[in-house]
**Student:** 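Structure incoming, see below.
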Amino acid sequence: YYAAAEWLQHEGIAFGTDYNRYAIRANTTTNPNRWIKVGMSVSYSKATYNGTLSEGYTPGITIAAYNAPPNTASYLNGSYNLTSDGMLGNGGNLYFYNNAKTFLNKFNHPLAVNSWNRNRNTVDRNMGYLFATISPFQSLSATTRIRVANITNLEAQFNHPLLTGTGKDYNGYSLVN
């Protein structure tokens, strides 16, 4: 017989991201007599990943931080420094174009993207295995096996409505820039 258990808890490099996994497994084999061998194996594992939502909806924290101007404050008056359309505040990064003060580009706020948006993926896996081997003669054996597996994957995603992402809200619809 054999039994094992494992547990892994890994904090991600970006705040709010982590990976947790635990698993158990047991198997046994027995020989009720010299020509029959039977055995089984069962296992269960669960893994949960909490990450940033970055699949085309909004840039992840890495891209958002890389693109953000270095002279723009992350916080303003105790809250995230966001414009009215959910982008990183522009600070003093304005320039004149056609006699109007404007901002060169729009940037996602890396801290708001990571703390307000969610991407949680949970995987449950159950597996079982039974076998029997019959060896009526030393040079002849027959084995039968049956396996059962159930895998469930749930991905829960949330985009905060104050963050713009890669599209713009237009009467309840999303338009890609």
Side-chain angles (χ1 to χ4, degrees), residues 1-28 40-93 103-130 147-170 172-177:
Y1 67 92
Y2 171 81
E6 67 177 88
W7 177 60
L8 170 70
Q9 183 176 6
H10 180 73
E11 295 296 321
I13 58 171
F15 76 92
T17 62
D18 59 50
Y19 178 77
N20 296 301
R21 181 178 190 273
Y22 65 88
I24 55 173
R25 178 180 175 174
N27 57 10
T28 185
M40 66 170 253
S41 176
V42 293
S43 65
Y44 172 78
S45 67
K46 182 173 188 159
T48 303
Y49 168 73
N50 291 307
T52 59
L53 183 59
S54 60
E55 299 171 353
Y57 304 109
T58 58
I61 187 171
T62 306
I63 298 299
Y66 178 75
N67 287 334
N71 61 341
T72 302
S74 297
Y75 296 96
L76 190 62
N77 299 325
S79 299
Y80 288 129
N81 182 12
L82 295 173
T83 62
S84 61
D85 63 352
M87 304 305 282
L88 176 64
N90 54 25
N93 297 306
F103 189 53
L104 181 62
N105 205 342
K106 292 187 173 193
F107 301 98
N108 286 283
H109 193 297
L111 299 174
V113 164
N114 202 44
S115 63
W116 288 355
N117 291 346
R118 286 286 169 251
N119 186 18
R120 182 182 177 102
N121 190 2
T122 303
V123 178
D124 285 304
R125 176 180 284 178
N126 300 294
M127 295 192 295
Y129 171 84
L130 299 170
R147 292 179 189 257
V148 177
N150 178 38
I151 300 172
T152 305
N153 185 15
L154 173 66
E155 188 163 1
Q157 298 178 340
F158 172 74
N159 255 344
H160 197 281
L162 291 179
L163 300 178
T164 303
T166 56
K168 301 283 185 212
D169 181 51
Y170 180 72
Y173 299 99
S174 179
L175 300 176
V176 177
N177 291 340

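All values reported here derive from a predicted model rather than from experimental measurement.
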**Student:** Please enumerate all residues that pass ring pair (Phe, Tyr, Trp, His ring centres under 6.0 Å) together with Y49, with sequence neighbours excluded.
**Tutor:** none
**Student:** Which residues satisfy the side chain to side chain donor-acceptor pair (under 3.5 Å) test with R25, sequence neighbours excluded?
**Tutor:** none
**Student:** For residues 9-16, dump all side-chain donor-acceptor pairs below 3.5 Å to protein atoms at least two apart in sequence or in another chain.
**Tutor:**
none

**Student:** Could you list the donor-acceptor pairs under 3.5 angstrom formed by side chains in residues 147-154, with sequence neighbours left out?
**Tutor:**
none

**Student:** Tell me every residue that passes salt bridge (charged side-chain N to carboxylate O under 4.0 Å, His left out) with R125, counting only those two or more places apart in sequence or in another chain.
**Tutor:** none
**Student:** Calculate, to the nearest 0.5 Å, the distance between atoms OG and CG belonging to S41 and L130 respectively.
**Tutor:** 9.5 Å
**Student:** Residues two or more places apart in sequence or in another chain: which of them pass side chain to side chain donor-acceptor pair (under 3.5 Å) with Y19?
**Tutor:** none
**Student:** Rounded to the nearest 0.5 Å, how far apart are CD of E155 and CG of N119?
**Tutor:** 4.5 Å
**Student:** So, using side chain to side chain contact (heavy atoms under 4.5 Å, CB included) as the criterion, who are the partners of T48 when residues are at least two apart?
**Tutor:** K46, N50, R120, T122
**Student:** What residues, two or more places apart in sequence or in another chain, satisfy side chain to side chain contact (heavy atoms under 4.5 Å, CB included) together with I24?
**Tutor:** A5, Y44
